[in-house]
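Below is one structure, written out as structure tokens; comments come after it.
The structure presented is a predicted model; accordingly, all values stated were derived computationally and were not measured.
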Amino acid sequence: MSGDMNDLMQRGKQIKLAVFDVDGVLTDGRLYFLEDGSEFKTFNTLDGQGIKMLINSGVTTAIISGRKTPVVERRAKNLGIAHLYQGREDKLVVLDELLAQLNLSYEQVAYLGDDLPDLPVIRRVGLGMAVANAAGFVREHAHGVTRARGGEGAAREFCELILNAQGNLEAAHAAYL
């Protein structure tokens, strides 16, 4: 993880909502189209487990994606992600709707993204992070950057940072001992 760890930990203490982009964050960013027009994505199980641990610690989770595919809906349901927004290009507008619904402030939100459509949210929230292979301009404006690439454990790293900042990482791990 790059960035000022003390700053990231302080920001992580306030988080009540963790929001994820999909393509390039929960996946490796490649789009696979089949001849019939359908598409598929690959997800990392380490990321999924991190999201489940975060949910179990009491942090609400959401996905905001510019694209819309049934496979993302299935993945969100399997992981227990409470809020799913697909086909929404203006992610800050979506976040504003969600914050009003949950009665939360920007400071209570962590966001993990990788490209320019994520940047307005990354710059606005309490903990705005980018994956290792995010666009350079996005990495420059994020509070921190994961060591892992999108779809290769970056979301797990993000989740564990929040868990650690809130003093819940050891308990999340201990549940499996």
Might you point out which heavy atoms bring [X] and [Y] nearest each other, and give the distance in Å?
{"X": "M53", "Y": "H173", "answer": "SD-CD2, 4.3 Å"}
{"X": "V131", "Y": "V145", "answer": "O-CG1, 3.7 Å"}
{"X": "D47", "Y": "V25", "answer": "OD2-O, 4.1 Å"}
{"X": "L163", "Y": "A172", "answer": "CD1-CB, 4.4 Å"}
{"X": "A134", "Y": "G113", "answer": "CB-O, 4.3 Å"}
{"X": "R147", "Y": "A132", "answer": "O-CB, 3.3 Å"}

Kindly say whether [Y] contributes a backbone atom to a donor-acceptor pair with the side chain of [X] at under 3.5 angstrom?
{"X": "Q166", "Y": "G12", "value": "yes"}
{"X": "E160", "Y": "E157", "value": "no"}
{"X": "H143", "Y": "G128", "value": "yes"}
{"X": "D118", "Y": "D115", "value": "yes"}
{"X": "N133", "Y": "G150", "value": "yes"}

When you look at CD of Q101, are more than 12 heavy atoms from neighbouring residues, nucleotides or ligands closer to it than 6.0 Å?
yes
Where do L26 and R75 land on the side-chain contact (heavy atoms from CB on, under 4.5 Å) test, with the steps shown first?
CA-CA 10 Å; L26 296 179; R75 181 67 170 157; 5.8 Å; no
4.5 Å side-chain heavy-atom contact, [X] and [Y]:
{"X": "K16", "Y": "V59", "value": "no"}
{"X": "Y111", "Y": "R124", "value": "no"}
{"X": "Y85", "Y": "L98", "value": "yes"}
{"X": "T61", "Y": "V19", "value": "no"}
{"X": "L161", "Y": "L8", "value": "yes"}
{"X": "I122", "Y": "M129", "value": "no"}
{"X": "I55", "Y": "T60", "value": "no"}
{"X": "F20", "Y": "I51", "value": "yes"}

Flag yes if [X] and [Y] sit in one hydrophobic cluster, no otherwise; membership is Ile, Leu, Val, Met, Phe, Trp, Tyr, and two members link when side-chain heavy atoms are under 4.5 Å apart.
{"X": "Y106", "Y": "I64", "result": "yes"}
{"X": "L84", "Y": "V109", "result": "no"}
{"X": "L112", "Y": "L46", "result": "no"}
{"X": "L102", "Y": "I81", "result": "no"}
{"X": "L17", "Y": "I63", "result": "no"}

Can you tell me how far the CZ atom of R123 sits from the NE2 atom of H141, to the nearest 0.5 Å?
5.0 Å
With rounding to the nearest 0.5 Å, note down the distance linking CZ in R11 to CG in N6.
12.5 Å
Evaluate V138 against L116 for side-chain contact (heavy atoms from CB on, under 4.5 Å), listing each step before the verdict.
CA-CA 6 Å; V138 174; L116 295 173; 4.2 Å; yes
With sequence neighbours left out, the residues meeting side chain to side chain contact (heavy atoms under 4.5 Å, CB included) with A110 are I15, L127, F158, I162
Across all chains, not counting sequence neighbours, the side chain to side chain contact (heavy atoms under 4.5 Å, CB included) partners of K41 are V22, D23, T27, L31, E39, F43, R67, T69, V71, V72
Just one of M5, M9, E170 clears the side-chain contact (heavy atoms from CB on, under 4.5 Å) bar with N164, so which one?
M9
Determine whether R156 and N44 satisfy the following criterion, side-chain contact (heavy atoms from CB on, under 4.5 Å), listing intermediate values before the conclusion.
CA-CA 9 Å; R156 174 65 165 268; N44 188 301; over 6 Å; no
Taking 4.0 angstrom as the limit, do R149 and D28 come out as a salt bridge?
no
K77 and E73 ion-paired at < 4.0 Å:
no
Between the side chains of E97 and H83, is a donor N or O closer than 3.5 angstrom to an acceptor N or O?
no
